[in-house]
Amino acid sequence: MSSCVPARADSARTKHIHPPHSPPTGGPRRFRLAGADVSASIAVFLIALPLSLGIALATGAPLQAGLVAAAVGGIVVGWLGGCPLQVSGPAAGLTVVTADLIQQYGWRTTCAITVVAGIAQLGLGCLRVARSALAVSPAIVHGMLAGIGVTIAVAQLHIVLGGTPQSSVPDNLLALPAQLANLRPADVAASVLTLTLLFLWPRVPGKAGRLLGKLPAALIAVAGATAVAALAGLRLPKVDLPSWSSHALATLPDGPVLGLVAAVLTTTLVCSVQSLLGAVAVDKLVSARPGLTGQVKRSDLDRELLGQGAANIVSGSLGGLPIAGVAVRSTANVSAGAVSRNSTMLHGVLVLIATLLLVPALELIPLASLAALVMAVGLKMVSLNHIRTVTRHREVLVYAVTTGGVVFFGVLEGVALGIAVAVGVALHRLSRTRIKHDETAGVHHVHVRGQLTFLAVPRLSRVLHQVPQGVDTVVELDGSFMDHAAYETLQDWQKTHTAQGGRVDITGRRPGTRISEPADTDGCRCRPWTPWRNHQCEPPQPSPPPGADGQGETGTGTDAVTGSPGRPGGQSEADGPDGPAGSDGRGKPTGTGITGTASGLGGLSARDLARGISGRELARGISAFQRNTAPLVRGELARLAREGQQPSQLFLTCADSRVVTSMITSSGPGDLFVVRNVGNLVPLPGEESGDDSVAAAIEYAVDVLKVRSITVCGHSGCGAMQALLSAEPGGAQTPLKRWLRHGLPSLARLRDDPEGPSEDTESWPLLAGRPPADAAERLCLANVVQQLEHLRAHDAVARALSEGDLELHGMYFHVGEAQAYLLSGDPVSAADGVFELVLETDLTA
C-alpha cells in the first residue's frame, strides 16, 4: 500500500453516501446572508461610525485611526472570533490607555504597542487561559470602567466648552474654572443640541416614537448637530480626515524597555478582560432572545482571544486604534435581530466603504458634537446598577479604590490597587469571625459567625471556657470552613465538657466539619444541606451468601431541615461518587437489604430484621432532628405553640413519598395546612359520594383557619392515575378501588374527546406550551383541573370564592425534572389550562 494513502481499520465498512459512479447529491456550500443580519449590520454601522470618530478624537489619535479599528474589528474579529454576535472596535474603555501611550511615545509607537499586544493575546489564546481572566473580581472591572468613564467625561468637557483638554484628570479639573470663563458659545450650542437629541430621541412617544426609535440616537444626535451647524453657518472646528497617502503606520517601538513592557501589558489586560466579559454578557443576551439559543453557539473564549489578538495585529499595522469587544454595539447587534457572525463582518465592510466614499460628509461633523457624544458614553460607564450590585455584595471599597486609582494614577495602577484591596478584603472576611455566648432557659448557646481558622482559635477557646461545667450547650456554627486548629480546639472542649456531665449539640455544620457523634446515631453521618440519596447510612452488614436477594431498599431518610425549612439533606459523608457507602454504584445496597435471607445476618428472620432496621431509622431520624434542626426551629415552634397555627394555604397533594411539600414550596412550620391522599383527590360533597375526612379538612381550613388559597398539586408518575388507566371493570371492591372512584370524573374528562386523546392535543392541558408526554401525564394534568372543579362544589369554598376571600391554584410537580408548574389563570375546563414553568428568580436583586 502506498504510504501516501492512510490506512483505516474501518475502510471496509465505509458506506457510500451517493450511488457509485454518480456525482455527489449536494454541491459546495453557498454563502447565505440572512436579512436579519443585513438589517442588524446597518444598525450597528450607524452607531459605530460616529463613536469611532469620537473615540479617536478623545485619544488624540488621527481620526482615521478610529475608522480603521472599526472596520478591522468588524471583519477580522467577526470572522475569527469565538463570540459570533459580539461587535469589536475602538472601545471607550481603551481611551485613557491609548491617550497616555500617544502622549508618552507618539502615535506610530502606539501602533507598534498595539501589534505586540495582539501577539500577546494570541499567545494567551494558545495557552487557553481565557477563562482565568474571568477570575478578576467584577468590582475591579466595573471600577476600572467607571474610572475610565470619569476620565473621558472630564477631558471631553473641555472640548464641549470650546477648549483643549489637559493630560490628566487633576489638571483638567484645575483648568475647568478658566475654561468656563472663556467658553465658546458655538461649540457649547452644538454640544447641547447633540446631548438633547441623544437624550430625547429614544423617548419620543407613540407610534412615531416606535418608528423613529429604530434609528440609533447617536447617529441622529451627531447628524442633527451637523445639519444645524451647517445651516446656521457656525464657525466650528470640524472633523479633518487627512489623505490616506499621509496616513501614519506602525514603526519599531522607541522608548524605555520597562515602560514599553508595561504599556503592552496594560493594553493586553484591558483589551482581553473587556472582550471576554463582553462575550459572557452577549451570551446572556442571546439566551434571553427566544429562538436564538439553538442557532448561535455559546462563546468560545479562547477563540475570541485569538480573534481579538489577530485584529489588534492588523489594526496596529494599518495605523488603527487598539480593539476590544464593545458593549453598546454588541447589545445593538443582538437587539436588532442578528443571527450569525455575518452581521458583525458586514458592519465592518460598511465602515470601510464609508471611510473611502463618505469623507466629504464626515468632514462636516463638528468636533464639539463628537466630544459631547463621547462624554455621554463616558458618563454611562459609571453605572448606578453596578454600584448597587457591589454595595449589595459588600465590595464597594474595592470598586471605589479601583475607580479612584484609575482616575488619579492610571489604568494599570488603579487595577493593581483594586486587586490589592480585593485580596485584603477577602483575607479580612476569612479572619473576621464573631463568637458570642449567651444563655436561654438554662441552655448555653455559643454562636460562631464566619470561618473558623487558627486566627479565631484564641477567641473560640476563651468563649468556650466561659461555659459552666455540666450544663447543656448548643454550639451554632455559621460558616463553610473549619481548619484543623479550630477542629481540634472544639473537639477537645466537647470531650472535656461531656466527661464533666454536660451535653453538647453542634448545629449548622457542613460536610467536613464533623466533630463527633452521640452514641445513639449508630455511626450515621447524614447531614442537612447535602445531596439526598434515600438512605439512612446503614452500618455495614455481612454479605448474604450467593444467591441471596440482597437488593432490598434500606428505607427512606429523614426530612432534615436546617436554616431554611423545607430543604432536603442527608447524604452520607462516606458516600463515594457513585452511591452510598457499601452500595453497588447504582444507589442500591449490596447485602444490606431488608429482603435478604437470615443466613449471615445473625440468624434473624427477614421480618425481624426489617422491624429492627425500621425502628433504628425512626430513632436516628428523631435524633438527627433533635440534634440538627430542633435548636434552629425551637423559637419559632414555641411562638406557634403560644399563638396557634395561622397557615395561609391549604395544600392538597398526593401521599406519594417523593412529593415533599415543604421542600418544593420552601415553606416551614405554620405555613401550610396539608392534606395528603392517594391521587390528590377531592371527593364531591354528598352522602353517597362524599368523604368526610377530606371535606372536614377543607371546611376547617376555609371557615376556621381562614386560608387565603387552596392548591391542588398533582405529580408525574402518580400510581393512582396509573391504576385508573389500567383498571378493569368488575372484581373485588377493595378499599383502594372504592377510593379511586373519586378519580373516575378525571378519567371521563380524558376520554371525552371522540377523536381520542392522541389525536387532538390542543384540547388538553399543556405543560409549558408542550402537550403531555403520554396518557398518564395527560391524566395527571386533567386530574388537577378536575379536582379544582370538585373544590368549587363544596359550600365553604364556593362561599369564600364568591366573597373574594379565597383563590384556587393548580400545580403539577415533575419528579424527574424536580420542576414545578403552575396552572395559569383559573380555568374551568382542560381546554383552557396551561401549566406554566416556574422559573428561578434572583432573590438578591
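Note: hydrogens, waters and symmetry copies are ignored here, and every other heavy atom, side chains too, is used. Numbering of residues begins at 1 and proceeds along the displayed sequence. Computed from a predicted structure; not experimentally measured.
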Can you find a pair of side-chain heavy atoms, one from Leu373 and one from Leu198, that are under 4.5 Å apart?
yes
Is it true that the side chains of Thr114 and Asn312 contain a donor and an acceptor less than 3.5 Å apart?
no
Are side-chain heavy atoms of Ile353 and Val349 found at a separation under 4.5 Å?
yes
From Leu346 CG over to Ile42 CD1, what is the distance, rounded to the nearest 0.5 angstrom?
7.5 Å
To check you understand the geometry: which heavy-atom pair defines the closest contact between Cys271 and Ala324, and what is its length?
O-CB, 3.9 Å
Quick check: do Val188 and Val160 have side-chain heavy atoms less than 4.5 Å from each other?
no
Before giving the answer on side-chain contact (heavy atoms from CB on, under 4.5 Å), spell out for Leu176 and His158 the whole-Å C-alpha distance, their side-chain angles and the decisive distance to 0.1 Å.
CA-CA 7 Å; Leu176 191 57; His158 284 270; 4.3 Å; yes
At their closest point, which heavy atom of Thr164 faces which heavy atom of Gln179, and how far apart are they?
N-OE1, 4.0 Å
Do the side-chain N and O atoms of Thr194 and Ser369 include a donor-acceptor pair separated by under 3.5 angstrom?
yes
Output yes when a side-chain donor or acceptor of Thr109 lies under 3.5 Å from a complementary backbone atom of Gly106, and no otherwise.
no
Distance-minimising heavy-atom pair for Phe408 and Pro170:
CD2-CG, 3.8 Å
Given salt bridge (charged side-chain N to carboxylate O under 4.0 Å, His left out), test Arg303 with Asp300 step by step and report yes or no.
CA-CA 5 Å; Arg303 178 179 173 181; Asp300 182 341; 6.0 Å; no
Starting at CE of Met375, measure out to CD1 of Ile159 and round the result to the nearest 0.5 Å.
10.5 Å
Using the rule given for side-chain contact (heavy atoms from CB on, under 4.5 Å), can you reason through Trp79 versus Arg341, listing the C-alpha separation, both sets of side-chain angles and the distance that settles it, and then say yes or no?
CA-CA 7 Å; Trp79 180 33; Arg341 62 180 70 245; 5.5 Å; no
Heavy-atom closest pair, residues Tyr399 and Ala146
OH-CB, 3.2 Å
Residues, nucleotides or ligands: over 12 heavy atoms within 6.0 Å of Leu357 CG
yes
Between Thr267 (side chain) and Ala263 (backbone), is there a donor-acceptor pair under 3.5 Å?
yes
Just by distance, do the side chain of Ser39 and the backbone of Ala36 share a donor-acceptor pair under 3.5 Å?
yes
Show the numbers, then the answer: is there a side-chain contact (heavy atoms from CB on, under 4.5 Å) between Ile119 and Ile313?
CA-CA 7 Å; Ile119 296 174; Ile313 293 174; 3.7 Å; yes
Contact summary for Ala120 and Thr268, nearest pair of heavy atoms:
CB-OG1, 3.8 Å
List the steps and the verdict of side-chain contact (heavy atoms from CB on, under 4.5 Å) for Leu305 and Leu301.
CA-CA 6 Å; Leu305 206 53; Leu301 297 184; over 6 Å; no
Heavy-atom side-chain proximity of Pro84 to Arg298 below 4.5 angstrom
no
Sub-4.5 Å side-chain heavy-atom contact between Val72 and Ile323
yes
What's the spacing between Ile220 CD1 and Leu200 CG if we round to 0.5 Å?
13.0 Å
Main-chain N/O of Cys83 paired to Glu304 side chain as donor or acceptor, under 3.5 Å:
yes
With heavy-atom distances below 4.5 Å as the criterion, would you say the side chains of Val334 and Val282 are in contact?
yes
Would you check, one step at a time, whether the test side-chain hydrogen bond (donor to acceptor under 3.5 Å, both in side chains) holds for Asn333 with Ser343?
CA-CA 8 Å; Asn333 192 37; Ser343 63; 3.0 Å; yes
Rounded to the nearest 0.5 Å, what separates atom CG in Leu260 from atom CG in Leu101?
9.5 Å
If you round to the nearest 0.5 Å, how far is OG of Ser272 from CG of Leu124?
6.0 Å
Any side-chain heavy-atom pair from Lys238 and Glu363 closer than 4.5 angstrom?
no
Judged by atom type as modelled, is there a donor-acceptor pair below 3.5 Å linking the side chain of Asp187 to the main-chain atoms of Leu183?
no
Got a donor-acceptor contact below 3.5 angstrom from the His393 side chain to the Val390 backbone?
no
Please tell me if the side chains of His386 and Leu145 come closer than 4.5 Å, counting only heavy atoms from C-beta onward.
no
N/O donor-acceptor pair under 3.5 Å between Asp37 side chain and Ala338 backbone
no
For Ser88 and Gln308, which I'm curious about, is there any donor-acceptor pair between the side chains at under 3.5 Å?
yes
Test item: Thr403 side-chain N/O and Gly143 main-chain N/O as donor-acceptor pair under 3.5 Å:
yes
How far apart are the closest heavy atoms of Leu236 and Ala229, and which atoms are they?
CD1-CB, 4.0 Å
What's the separation between atom CD in Gln121 and atom CG in Leu269, rounded to the nearest 0.5 Å?
10.0 Å
Can a donor-acceptor pair be found, under 3.5 Å and without considering hydrogens, that links the side chain of Ser330 to the backbone of Val87?
yes
Thr151: side chain to side chain donor-acceptor pair (under 3.5 Å) partners, not counting sequence neighbours
none
Would you say Gln86's side chain and Ala279's backbone share a donor-acceptor pair under 3.5 angstrom?
yes
